[in-house]
Amino acid sequence: MKTVKIIAPATIANLVCGFDILGMALNEPQDEMTLSLSDQPGIRITHADEYDLPVLPLQNVAGVALLALMEEYDKPIGFDLIIDKHIKPGSGLGSSAASAAGAVAAANHLLQNIFSNEDLVRFAMNGEKLASGVKHADNISPCIYGGVTLIRSIFPLDIIPLDAPHVFVTVVHPQIEVRTSDSRQILRKEILLKDAIKQWGNIAGLVAGFMKKDYELISRSLEDVIVEPVRSILIPGFDEVKIRCKEAGALGGGISGSGPSIFMLSKEENTSQKVEVIMKDIFEKIGIDYKTYITTINYEGVKIIESK
Ligand code: HSE
């Protein structure tokens, strides 16, 4: 086997209250990547999309993830990588994670799966470090494992895949760019104990709600008193989207990752459609271009679609 083609899902990090520790994989959008083993050492990256991302391995999130894998593989090896992104960089939908996770999952397939999923998360986090300045796994983990994951710790890695009930996910991606590094920098470094108590109540409630498939508990727990009040200022229309979508019956939602995308969870498909109409109405009024998705949870993570 010399060449593998994969798809890597978009992900929603944080899931409102779980900053850096919770994430969910989506069925749409997904990146496509083709990775080939080569006799020529090193990594050669080409892009099949319009985003003009770096091609030098050390400047590319997939490149640095692959380099970390190659270092541990410890035998001479080379790769040719073609990246076709459908998850727009800077969207808050885990674009860099999909590139990094997709590349190492594809490489592992070519190397007869010698690495564990946890190893792949460890390699791919180098991509997040390059993109945002810090290692975090809340996009990478669901991208590799699929579903909803809890990252209890990254040093050492402790990833807990969570059961989750079927939900519809409506996403609006206003076409403005919010850099993860900037939206991390504006966060307060210290928080009040009373806010921490509220937040960990919500995180525990959300995790319990997913595991018990209790939609009411999920809905009550989708509240963030720490990060959202600061970051939402960067996203025009955020408060109106949240208020009107909840009035229309959505379970709740918030900023996807570091934004600017906003997501809402709904139990019923017709609610998710009403939510999409509201999102479109708000961004039409504001006059910002946008893209919307109605999708569901992706339970597979990175998927091999061709291998030869
Ligand atoms: N947890 C990260 C953040 C996800 O919110 O900054 C974005 O990469």
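Counting starts at 1 for both ligands and their atoms, following the listed order. Atoms considered below: every heavy atom in the structure, side chains included; atoms not considered: hydrogens, waters and symmetry mates. The model shown is predicted, which means the values in this text are computed figures rather than measured ones.
Counting heavy atoms closer than 4.0 Å to ligand 1, residue Asp138 contributes side-chain atoms (C-beta onward) but none from N, CA, C or O. With a heavy-atom cut-off of 4.0 Å, Val227 does not touch ligand 1 at all.
With Asp289 contributing its side chain and Gln175 its backbone, the two residues share no donor-acceptor pair below 3.5 Å. Looking at Glu228, its side chain never comes within 3.5 Å of a backbone N or O of Val16 through a donor-acceptor pair. Side-chain N or O atoms of His47 include one that pairs as donor or acceptor with a backbone N or O of Pro54 at under 3.5 Å.
Atom CZ of Arg179 has 12 or fewer neighbouring heavy atoms from other residues, nucleotides or ligands inside a 6.0 Å radius.
For the residue pair Thr296 / Asn27, a side-chain donor-acceptor distance below 3.5 Å is found, with atom types taken as modelled.
The Arg231 neighbourhood of ligand 1 comprises atoms 3 (C), 5 (O), 6 (O), with distances under 4.0 Å to a heavy atom of that residue. For ligand 1, the atoms closer than 4.0 angstrom to any heavy atom of Thr180 are 6 (O), 7 (C), 8 (O). Counting atoms of ligand 1 from 1 in the listed order, those under 4.0 Å from a heavy atom of Asn139 are 4 (C), 7 (C), 8 (O). Of all the atoms in ligand 1, the ones that sit under 4.0 Å from a non-hydrogen atom of Phe19 are 3 (C), 5 (O), 6 (O). Of all atoms in ligand 1, numbered sequentially from 1 with element shown, those under 4.0 Å from a heavy atom of Asp20 are 1 (N), 2 (C), 3 (C). Residue Ala13 has at least one heavy-atom neighbour below 4.0 Å for each of these atoms of ligand 1: 4 (C).
For the pair Arg184 and ligand 1, the shortest N or O to N or O distance falls below 3.5 Å.
The pair Arg122-Asp119 meets the salt-bridge criterion, since a charged nitrogen lies less than 4.0 angstrom from a carboxylate oxygen. By the 4.0 Å N-to-carboxylate-O rule, Asp214 lies too far from Arg220 to be salt-bridged with it.
Looking only at protein heavy atoms, the nearest one to atom 8 (O) of ligand 1 is His136 CE1, 2.9 Å.
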